[in-house]
Amino acid sequence: MTGTHANTVREHLEGLRGAGLVRRSAAPASGRGRPGWLYEATELSHDDPRPEYAGLAIVLASVVSRSSPAPAEAARVAGVQWGRELARGALADSAAAKPRSSRQAVSDLFDQMGFAAEPDRRARVVRLTRCPLLEAAHRAPEIVCSVHQGIAEGALEEFGTASEGSSDGVQLLPFAEPGACVLRLQGTS
């Protein structure tokens with residue numbers, strides 16, 4: 001077909017998926033083994049704000065880098081505050097639909113933020129297969145990824161307050177897999 005090895009094509013498709021340019025769905029089972037994946041292009045809107053947000057994130061990251069003696073920690077702390085606020089809003093909006101756990105609530109929050117979160121069964125490991133600020137994360141990962149880790153910490157803490165969880169052991173591994181960052185959530189619920 002393309003003359004390119006299947007693993008190379010798969011890696012490129014996952015990169016396109018991470019950028020939000022294609023979506024993936026499971027193919028119907030056709031024999032033994034796991035079913036494959038089907039990919040289809042997503043529609044891009046000319047009103048897509050991602051390029052402007054990425055530019056703003058890059059500018060803000062450079063300001064934090066220049067003005068803080070510990071830029072990654074300052075970014076993480078800002079993310080914690082933002083995560084708490086996002087979680088409070090999610091709790092107020094979803095009083096009827098309770099998540100299975102505080103970890104699942106964090107995974108749901110990241111999914112709603114555009115990260116295309118793929119949690120494992122207990123939401124202890126969440127693959128973030130899309131980043132709304134991918135360009136900024138590539139250019140200033142110590143800042144952007146620290147904000148994202150802080151969001152997870154603050155949200156898990158806030159959701160944990162409601163369900164006796166804990167934000168201890170939150171870890172974000174940027175670009176840990178082809179097409180995905182890995183978020184580890186070790187909260188108790």
Side-chain angles (χ1 to χ4, degrees), residues 8 10-24 41-42 44-90 103 105-120 123-159 167-187:
T8 302
R10 192 172 12 260
E11 187 171 333
H12 286 291
L13 284 169
E14 284 303 313
L16 291 170
R17 185 169 161 249
L21 300 173
V22 298
R23 75 177 129 259
R24 179 176 83 172
T42 57
L44 284 181
S45 165
H46 294 292
D47 299 331
D48 187 354
R50 284 182 289 174
E52 289 83 6
Y53 287 145
L56 176 61
I58 291 166
V59 168
L60 291 174
S62 70
V63 169
V64 170
S65 291
R66 287 192 316 270
S67 63
S68 174
E73 180 60 14
R76 189 193 65 76
V77 168
V80 168
Q81 180 180 350
W82 189 13
R84 288 177 184 146
E85 291 171 13
L86 291 169
R88 285 184 203 120
R103 291 186 310 273
V106 170
S107 177
D108 292 347
L109 182 65
F110 270 80
D111 197 51
Q112 292 164 7
M113 290 172 59
F115 286 87
E118 295 178 352
D120 67 3
R124 289 191 184 277
V125 177
V126 181
R127 294 180 71 246
L128 303 175
T129 62
R130 182 170 181 232
C131 180
L133 297 172
L134 185 61
E135 181 183 345
H138 278 298
R139 291 177 70 179
E142 67 286 351
I143 304 296
V144 175
C145 299
S146 292
V147 169
H148 294 157
Q149 176 165 336
I151 290 170
E153 290 175 14
L156 187 62
E157 180 181 300
E158 194 66 32
F159 288 133
S167 64
D168 294 341
V170 173
Q171 183 181 31
L172 177 66
L173 306 170
F175 314 112
E177 300 176 5
C181 296
V182 173
L183 179 61
R184 297 183 188 277
L185 302 171
Q186 301 303 319

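Since the model is a prediction, treat every value here as computed from it, not as a measurement.
A distance-only check finds no donor-acceptor pair linking the side chain of Glu157 to the backbone of Arg84 [under 3.5 Å]. A distance-only check finds a donor-acceptor pair linking the side chain of Ser67 to the backbone of Val63 [under 3.5 Å].
Across all non-hydrogen atoms, the minimal contact from Ser146 to Ala72 is CB-O, 3.3 Å. Heavy atoms only, all atoms of each residue included: Cys145 and Ala137 are closest at SG-CB, 4.3 Å. Pairing each heavy atom of Val59 with each of Ser62, the nearest pair is O-OG, 2.7 Å. For Phe159 against Ala90, the heavy-atom pair with the smallest separation is CZ-CB, 4.0 Å. What you find for Asp111 and Ala116 is that their closest heavy atoms are OD1-CA, 3.3 Å. Taking both residues in full, the closest heavy atoms of Ala152 and Leu185 are given as CB-CD2, 4.4 Å, listed atom of the first, atom of the second, then distance.
A salt bridge links Arg76 with Glu73; the closest basic N to acidic carboxylate O contact falls under 4.0 Å.
To the nearest 0.5 angstrom, Cys131 atom SG is 6.5 Å from Phe175 atom CZ. Here CG of Leu173 is found 12.5 Å from CZ of Arg127. Values are rounded to the nearest 0.5 Å. Separating the CG atom in Leu109 from the CZ atom in Phe115 is a distance of 9.0 Å, to the nearest 0.5 Å. Once rounded to the nearest 0.5 Å, the distance linking CD of Glu153 with CD of Gln81 reads 13.5 Å. Between the CG atom in Leu183 and the CD atom in Glu118 there is a gap of 13.0 Å [rounded to 0.5 Å]. A distance of 12.5 Å separates CD1 in Ile143 from CD1 in Ile58, rounded to the nearest 0.5 Å.
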side-chain contact (heavy atoms from CB on, under 4.5 Å) assessment of Leu172 paired with Leu128: CA-CA 10 Å; Leu172 177 66; Leu128 303 175; 4.0 Å; yes
Audit row: Leu86, Phe110, side-chain contact (heavy atoms from CB on, under 4.5 Å) steps and yes/no: CA-CA 10 Å; Leu86 291 169; Phe110 270 80; over 6 Å; no
